[in-house]
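Please read the structure below before turning to the comments.
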Amino acid sequence: MATDGDAVVGFVGLDDLSLDMAASLLRAGYKVQAFEIDETLVAKFLNLGGTRSASLIEAGKEVAALIVQISHVDQINDVFFGQQGVLKGLQKGALIILRSTILPSYIQNLERRLGDEDSMAHLIEAYVSRGFSEVLKGRTMITSSGRSEANAKAQPILSAMSEKLFTFEGEVGTGSKIKMVNELLEGIHLVAALEAISLCTQAGIHPWIVYDIISNAAGNSWIFKNHIPQFLRGDTKVHSYRTVVQNLGIVLDTAKSLIFPLPLLSVAHQQLILGSSYGQGDDSDVSFVKVWGKLLGANIQDAASAELYEPEQLARQIVGKSVVVKRIGFIGLGAMGFGMATHLLKSNFCVAGYDVYKPTLTRFANAGGLIGNSPAETSKDVDVLVVMVTNETQAESVLYGDLGAVAALPSGASIILSSTVSPAFVSQLERRLQGEGKGLKLVDAPVSGGVKRASEGTLTIMASGTDEALTCTGAVLSALSEKLYVIRGGCGAGSGVKMINQLLAGVHIASGAEAMAFGARLGLNTRMVFDFVKNSGGTSWMFENRVPHMLDNDYTPYSALDIFVKDLGIVCRESSSLKVPLHIATVAHQLFLAGSAAGWGRQDDAGVVKVYETLTGVKVEGKLPVLKKEVVLQSLPPEWPLDPIDDIHRLNQSNSKTLVVLDDDPTGTQTVHDIEVLTEWSVESLVEQFRKKPECFFILTNSRSLSSEKASALIKDICGNLSIAAKSIENIDYTVVLRGDSTLRDAAVSLLGEMDAWIICPFFLQGGRYTVKDIHYVADSDWLVPAGDTEFARDASFGYKSSNLREWVEEKTRGRIPASSVSSISINLLRKGGPDAVCDTLCNLQKGSTCIVNAASDRDMAAELRGKSFLCRTAASFVSTRIGIIPKAPILPKDLGINKERKGGLIVVGSYVPKTTKQVEELKLQCGHFLKKLEVSVDKLAMKSLEEREEEINRVAEMANLFIGACKDTLIMTSRELITGKTASESLEINFKVSSALVEIVRRISTRPRYILAKGGITSSDLATKALEAKCAKVVGQALAGIPLWQLGPESRHPGVPYIVFPGNVGDSKALADVVKSWALPSRLSSTKELLLNAERGGYAVGAFNVYNMEGAEAVVAAAEEENSPAILQIHPSALKQGGIPLVACCVSAAEQANVPITVHFDHGTSKQELVEALDLGFDSLMVDGSHLSLKDNIAYTKYISLLAHSKNMLVEAELGRLSGTEDDLTVEDYEARLTDVNQAEEFIDETGIDALAVCIGNVHGKYPASGPNLRLDLLKVKYKQSNVSYFSVVIDYVKIES
């Protein structure tokens, strides 16, 4: 609609947000009109280019949508249903977008009333707000809800008005609900922030210092960062919180009606009631900081006005005059402690370590550290002792217990206590150390930052102590930290800051649990709630970090719940000691205690949500919804109108960089053509490529089947060679695109240097891969399925959980790159801002950062500009767009000049994904009549003895050689039962055994195939490099969309043979069959069944001729061609015994190359063994001859073979009656008895399920009487009429034809 110049949107009521929305609509090409009585707002609206409406009725005239702003439920009647209400001007079926935060029940009632009116208007509820995240930066955010039809109508308009849109299908009222969840969090965070400031004031720590530190730490929230400065400056007045109190009361009333407990919000509400009710009349304008200080007994205003200092500047001064430290003792080598201690070793300190866990001591010794057998032994002769244990009890034990450190420390030594303990414990410890009389010094230095930062020496440390103690330890503190703060106030002040941070962090985790559980009880999609809140005022660092664990129902302990039982316990004890009532922190502590009591103490601290889930029965876990593809794509803004292909070509000409794609399997060539692929990367071969100055080339790394360590080593090798090769040629520069596991990124960076950014863009149109709102989807027919819920995510070796690519990055990097640090380029930016806006965003990314590119069409793809260097992890679409490749039609055999070649093709299937299995089943269904199938037992290849493995490999290779030589397209496939190991590495080992066996099978096939098709990434890679020994290939194009086709290089075992790389995850169920049909040998060969049906329709007979050698076969074919008649080549068991498999192959080959339909038939099989063996030799049909048996035995014998043959799509003929040519002396009765019995025939056919019956109607041997041979043709006629099966043929069985 945005491109329709006649589309009009009306507004009833304006405010600042409405003006922003109107401006966006005008920029998108809509006409906008509005009714408003505030002249200031009207003037601003007119300046934008809008049109003023004189009344409510006029505002709704001829609009596609009317946006109505309602602030109170009493306005509904007048605005909608009054004499001058908007419904009077609306056309039928118009869209009403209601901007309101009234209760959901009122909105739902309005929807019902509108449905009863003649207008039949569609209602959408929209909650409009400003986004507070770094990405949105105050831009408009809309949450909408409504019926599917209304949503579809509203999507283009809502998208045009917003930077971020959240759409909920179903009942209206969702906007009000999601607003309640956000208000719940804002209310709790506000009171928690006030409690934190009160506690720090009473602890003697400057509140502005606490603010500066925590606003950049894990305890931060949007409320803390944005409200506390106003609070401390006295700008916040008491009356300003009264609306907050009123709104929180509505939330609590709603929860009460749903019988849902909100303990944290209840306490926060009571605290705010107490504070906001303090002033009345003139006192209502009093600053809230004064009121709060009086309520909690903390003089916050005076503390905030005290002289400020800079903790980081103090730290720099301390470090600048720090003394040399010769030897360090380190007690506590847990996850954090080990990283810290080993980093000190890397910083050239001499470190002796101790831990109660002996294997850790061994690891530390291997890292180059000294080890002590007790705290005392570790503390001898040290200048500084670092204590990094779990709690106060352990600290007491290692310092003063048996073989404790204090007794062994030399005089004048310093202790750094980095454990999270209470300030009171630190103060008491300092006094005890002073009483030792040894001049021992203590530095209180709790740390923050996690295990990775500990090992890198980039922790945040809050240190306090005497100047002397800090000077003696400054070198150690500096080595361990990226941010070092020195906090005034003596020992305990550092732990005080850490305590306040933990107060906020713990409350924020618990409030996140309360909010998400409440959202689930309201019936909201919890993932969308999370996405909304993290862009709103209710967000916090902990909310964004921990709620994803709740949504994934994954409580792997990154930080155990019991840690907050301890840390909030410290908060509660200190608050009691300092006489500061902390209501919110105390309730949060009780929630963590409840979780620990339930047995979840060692699980992740996000597991506190289980307290709510257990009490109320809700489930916070949020699966992303499966979406209707058409609805999603239609909801997106129109594509950028200009085709960038010419610009891309121009830029590529001016930018001489070669695109080098490191691909872990051959499927990355899915969208390119006329590009070379290298399967080896010697410096010489890379130099040769660079000398050609190509726009792009691929290097097939074949790393998917390797462990991450081996794969990383491989990438380092390739990148090293690339660097050497490029430096040896003038004016060569290149960009690396990485198509492989994300663990390979560091390997590439370590060789190529830090990139400007890591770009992740998995969009792939041909593979049905879309990225919308940072969620990656896989198309399944008409639906978009979140990638984390598909079969591909469950891969035993390469699986993942996250569909949100931000979370996927965190998952794949094991937390090293947090989701919150990942940037993204939205489809809105791509389509509204175009290439320049994308370029600006990419160029302004922080160096070394990670960025996701959303995309839903090829035109959405972006390319690098302005000399930046990016490491790209992409799907195949990126490469073709990046170098401006114009797609071309699928390649067919005639395009390569091989349509007249007669050899069979080779199809090898190794992929196990369910999609492949479905495709193989369809292939057999559609192509089974000409395809020879060889199944390889995975059990024998991977689980049985080497002898059984070798026997299986040899069997399949020998049969494939015969079939291909006989011009038969041959399918080699692994058995479909998936066998996996107990671990990912065991599964990889099984994959390797299967893949290497397929390689060996193909290596042993000496016959040159007409084409080769490899199904699956690892399969296609291994076959190309190991079995076919290809070092270079050319990507000619695609056999089908997303299915690359190569031509093998001259050094390969089959030079020039087309090699079709068929990914395991591409195409619908018919795709594999479609490709094989288009590449299979054009054949005049019919099946025997088709041959006989055609004869019946044409009213002619088909001759069947026994042959015993190649000459006989050639003679039959020549005669058939001369007569332009079909024929059947029959091989008798005696002929097969004499001529063997080569005779069958000769007959099949002669039939394949004939100009008329010829089939090959195995005749008169009289034993089960010879018939079973014949099933796999290439015959089109066979005859089961049980005529020498009784009727009962003949039926059983024929039925057994018939079932086997039909499973291979072979026609089955059988015999009933027996004349051998020696019946001249028989009586008439005996002779008649040997003819086919009509009555028996009916039973025989029904029981055996055969396709054709050899009918015995007489003997044509010897001399004929004048009347001709004595044939009972009446038997043939009767039998034919009695046949009632859906398909049946009658074959006249002459014993012998004599000339």
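- The aromatic rings of F1162 and F1179 are tilted relative to each other, their planes meeting at an angle between 30° and 60°.
- Residue K903 holds its NZ atom at 11.5 Å from OG1 of T970, rounded to the nearest 0.5 Å.
- In this structure a side-chain-to-backbone donor-acceptor pair under 3.5 Å is present from R949 to L941.
- Across L896, V1061, L1040, D895, a single residue satisfies side chain to side chain contact (heavy atoms under 4.5 Å, CB included) together with L1045, and that is L896.
- The residues K1070 and D1074 are annotated as not salt-bridged, no charged nitrogen and carboxylate oxygen being separated by less than 4.0 angstrom.
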> Would N954 and R1004 count as a side-chain contact (heavy atoms from CB on, under 4.5 Å) if you check the C-alpha gap in whole Å, the side-chain angles of each, and the deciding distance to 0.1 Å?
Replying inline: CA-CA 8 Å; N954 202 50; R1004 295 183 192 184; 3.6 Å; yes
> Taking it one step at a time, do L971 and L923 satisfy side-chain contact (heavy atoms from CB on, under 4.5 Å)?
Replying inline: CA-CA 10 Å; L971 168 65; L923 171 67; 4.1 Å; yes
> Should E921 and K918 be marked as a salt bridge (Lys or Arg N to Asp or Glu O under 4.0 Å) after you check the CA-CA gap, both sets of side-chain angles, and the distance that decides it?
Replying inline: CA-CA 5 Å; E921 290 304 314; K918 292 175 185 175; over 6 Å; no
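- Expressed to the nearest 0.5 Å, how far NZ of K924 lies from CE of M973 amounts to 4.5 Å.
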>> Go through it in stages, so that I can follow the logic: the residues are Q1130 and H1164, the test is side-chain contact (heavy atoms from CB on, under 4.5 Å), and I'd like the CA-CA distance, side-chain angles, deciding distance and then a yes or no.
In response: CA-CA 9 Å; Q1130 294 191 155; H1164 284 286; over 6 Å; no
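- The two residues Y1059 and A1024 have their closest heavy-atom pair at OH-N, 3.5 Å.
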> Which is it for T1198 and T1248 under the side chain to side chain donor-acceptor pair (under 3.5 Å) test, yes or no, and what are the steps along the way?
Replying inline: CA-CA 6 Å; T1198 303; T1248 59; 6.0 Å; no
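- Judged purely by atom type and a 3.5 angstrom limit, D1022 has no side-chain atom pairing as donor or acceptor with the backbone of V999.
- I907 contributes atom CD1, which lies 3.5 Å from atom OH of Y1011 (distance to the nearest 0.5 angstrom).
- Counting heavy atoms of neighbouring residues, nucleotides and ligands inside a 6.0 Å radius, atom NZ of K1077 exceeds 12 of them.
- In this structure the side chain of V1144 reaches within 4.5 angstrom of the side chain of V1148, judged on heavy atoms.
- With respect to the salt-bridge test (charged N to carboxylate O, under 4.0 angstrom), the residues D939 and K944 qualify.
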>> Checking S1134 against H1132 for the side chain to side chain donor-acceptor pair (under 3.5 Å) test, could you report, in this order, the C-alpha distance in whole Å, the side-chain angles of both residues, the deciding distance, and whether it holds?
In response: CA-CA 5 Å; S1134 60; H1132 191 274; 3.0 Å; yes
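- Heavy atoms from other residues, nucleotides or ligands lying under 6.0 Å from NZ of K1199 number 12 at most.
- Taking the centre and axis of the six-membered ring of F930, the NZ or CZ atom of K968 falls outside the cone set by 45° and 6.0 Å.
- Here the closest non-hydrogen pair linking L1091 and P1126 is CD1-CB, 3.8 Å.
- For the atom pair OG1 of T679 and CD of E1051, the computed distance is 7.0 Å after rounding to the nearest 0.5 Å.
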>> Pair S975, S937 - check side chain to side chain donor-acceptor pair (under 3.5 Å), show working.
In response: CA-CA 5 Å; S975 53; S937 169; 5.0 Å; no
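- The distance from the OG atom of S1202 to the CG atom of L1171 is 11.0 Å, given to the nearest 0.5 Å.
- Salt-bridge annotation for K1208 and D1176: present, with a side-chain N of the basic residue lying under 4.0 Å from a carboxylate O of the acidic one.
- No more than 12 heavy atoms of other residues, nucleotides or ligands shown are found within 6.0 angstrom of CD on Q1138.
- Atom CD of E1029 has more than 12 neighbouring heavy atoms from other residues, nucleotides or ligands inside a 6.0 Å radius.
- More than 12 heavy atoms of other residues, nucleotides or ligands shown are found within 6.0 angstrom of OH on Y1108.
- Counting non-hydrogen atoms of other residues, nucleotides and ligands closer than 6.0 Å to CD of E951 gives a total of 12 or fewer.
- Looking at every heavy atom in both residues, S1087 comes nearest to T1159 through C-CG2, 3.7 Å.
- Residues F1062 and L1013 share a closest heavy-atom pair of CB-CD2, 4.0 Å.
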> Stepwise, does the side chain to side chain donor-acceptor pair (under 3.5 Å) test hold for T1166 with D1185?
Replying inline: CA-CA 5 Å; T1166 57; D1185 187 356; over 6 Å; no
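- Residues P1063 and K1015 fail the side-chain proximity criterion, which asks for heavy atoms closer than 4.5 Å.
- The pair E1000-R1003 meets the salt-bridge criterion, with a side-chain N (NZ, NE, NH1 or NH2) lying under 4.0 Å from an Asp/Glu carboxylate O.
- To the nearest 0.5 angstrom, I1201 atom CD1 is 11.5 Å from H1206 atom NE2.
- Shortest non-hydrogen contact noted between E1215 and F1244 is O-CZ, 4.1 Å.
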> Are D969 and K932 close enough, and set up right, to give a side-chain contact (heavy atoms from CB on, under 4.5 Å), and what steps lead you there?
Replying inline: CA-CA 6 Å; D969 288 87; K932 293 303 173 187; over 6 Å; no
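- Across A1127 and V1116, no two heavy atoms sit closer than the pair CB-CG1, 4.3 Å.
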